[in-house]
Amino acid sequence: MKDALSPKAAEIVSHARTLLETGGYNGFSYADIAVRVNISKASIHHHFPSKAELVQVVVAMYRAEARAGLAVLDRQLGDPVLELHAYVDYWSTCIRGGTSSFCICAMLAAELPLLPAEIVAEVRGHFEDLTAWLTAVLEKGAANGQFRLQGPAADEARAFMASVHGAMLAARGFADPGTFETLGRLSIARLTRAV
């Protein structure tokens with residue numbers, strides 16, 4: 001990842017992130033970014049010699065933001081049930097407000113067999129980061145008697161993550177942001193029911 005991005009490189013990254021979220025890796029080209037940033041494709045290549053490098057930077061930055069956000073939830077809330085609600089609320093707010101309608105790593109996961117290795121590593125890293133955080137939250141909640149797990153915490157974490165990503169997809173499919181919130185709340189309720 002580039003340590004410090006120039007203002008123009010940061011703008012390129014921002015537009016690439018939006019394009020990744022809506023259409024995945026193969027859903028955009030440097031021509032699309034050139035139009036949005038109002039520069040030539042050659043200028044984009046100056047900042048990011050390849051699309052793979054650009055997307056790797058985008059995903060690495062996305063991962064860093066996600067890790068920081070999850071750490072804030074741990075520090076500020078410290079309650080497993082509240083942490084899951086805050087996580088779902090974050091995405092619900094993004095989806096309703098139109099700031100982000102889909103996790104870019106979930107979008108890229110659908111294309112994983114076709115992606116360059118450096119992007120695959122970042123996407124898998126995000127899934128590992130999120131699974132580790134969810135596992136810790138679920139283990140703490142189970143130990144506190146807040147959650148009733150049906151299997152190992154790591155498996156439950158993956159199931160919860162899959163349900164959140166599936167809820168994003170359902171919200172898109174139904175063109176209804178409220179679908180995400182409803183399904184996200186059901187996923188939490190399944191963990192807290194009958195404890």
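Quick note: numbers below take in every heavy atom, side chains included, and nothing from hydrogens, waters or symmetry partners. Treat the numbers as computed from the prediction; the structure is a model and nothing was measured.
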Any side-chain heavy-atom pair of Phe160 and Val164 under 4.5 Å: yes
Does NZ or CZ of Lys51 lie under 6.0 Å from the centre of the six-membered ring of Tyr25, at an angle within 45° of the ring axis? yes
Is there a side-chain contact between Asn144 and Pro80 in this structure, where contact means two heavy atoms from C-beta onward sitting under 4.5 Å apart? yes
Return yes when atom CG of Asn26 has more than 12 non-hydrogen atoms of other residues, nucleotides or ligands closer than 6.0 Å, and no otherwise. yes
To the nearest 0.5 Å, what is the distance between OG on Ser50 and CD on Glu118? 6.5 Å
Please examine the side chains of Leu84 and Phe147, heavy atoms only from C-beta on, and report whether any two atoms are closer than 4.5 Å. yes
Shortest non-hydrogen separation from Gly184 to Val88 and the atoms involved: CA-CG1, 4.0 Å
Under 3.5 Å, is there a donor-acceptor pair between the side chain of Asp32 and the main chain of Ser29? yes
From CZ (Arg96) to CZ (Phe180), nearest 0.5 Å: 10.5 Å
Heavy atoms only: give me the nearest Cys105-Val59 pair and the separation to one decimal. SG-CG1, 3.8 Å
Show the numbers, then the answer: is there a side-chain contact (heavy atoms from CB on, under 4.5 Å) between Leu5 and Met61? CA-CA 11 Å; Leu5 297 175; Met61 291 174 71; 3.7 Å; yes
Here the pair of heavy atoms bringing Thr179 nearest to Ala170 is CG2-CB, 3.9 Å
Check: Gly178 main-chain N/O paired with Thr182 side-chain donor or acceptor under 3.5 Å: yes
Below 4.0 angstrom, N of the basic side chain to O of the carboxylate: do Arg36 and Glu11 qualify? no
So how far is it from His15 NE2 to Ile44 CD1, rounded to the nearest 0.5 Å? 10.0 Å
What's the shortest heavy-atom distance between Asp74 and Val137, and which atoms? OD1-CG2, 4.4 Å
Does any non-hydrogen side-chain atom of Leu130 lie less than 4.5 Å from one of Leu70? yes
Does Lys8 NZ have over 12 foreign heavy atoms under 6.0 Å away? yes
Is the gap between the ring centers of Tyr30 and His47 under 6.0 Å? no
Close side-chain approach of Cys103 to His126, heavy-atom, < 4.5 Å: yes
Please tell me if the side chains of Arg124 and Leu112 come closer than 4.5 Å, counting only heavy atoms from C-beta onward. yes
In the structure I gave you, are the side-chain heavy atoms of Leu169 and Phe102 within less than 4.5 Å of one another anywhere? yes
What do the steps show when you test Val55 against Phe28 for side-chain contact (heavy atoms from CB on, under 4.5 Å), and what is the final call? CA-CA 11 Å; Val55 173; Phe28 79 96; 3.9 Å; yes
In plain terms, say whether Arg17 and Glu65 are close enough for a salt bridge, that is, a side-chain N and a carboxylate O under 4.0 Å apart. yes
So, does Thr131 use its side chain to make a donor-acceptor pair with the main chain of Phe127 at under 3.5 Å? yes
If every non-hydrogen atom of Ala16 is compared with every non-hydrogen atom of Val58, which pair is closest and at what distance? CB-CG2, 4.0 Å
Say whether, by atom type as modelled, one donor and one acceptor occur between the side chain of Glu156 and the main chain of Gly151 under 3.5 angstrom. yes
Please check this pair: side chain of Ser187 against backbone of Leu183, looking for a donor-acceptor N/O pair closer than 3.5 Å. yes
Starting at OG of Ser43, measure out to CD1 of Ile33 and round the result to the nearest 0.5 Å. 12.5 Å
When rounded to the nearest 0.5 angstrom, what is the spacing between CG in Leu108 and CG in Leu20? 5.5 Å
Answer yes if the side chains of Asp79 and Gln146 hold a donor-acceptor pair under 3.5 Å, and no otherwise. yes
Between Arg185 and Asp89 (salt bridge meaning N to carboxylate O under 4.0 Å), is one present in this structure? yes
Just verifying a value: how many Å separate Asp129 CG and Glu122 CD, rounded to the nearest 0.5 Å? 9.0 Å
Shortest non-hydrogen pair, Glu21 vs Arg172, comes out as O-NH2, 2.6 Å
Do Leu73 and Tyr90 make a side-chain contact, defined as non-hydrogen atoms from C-beta onward lying under 4.5 Å apart? no
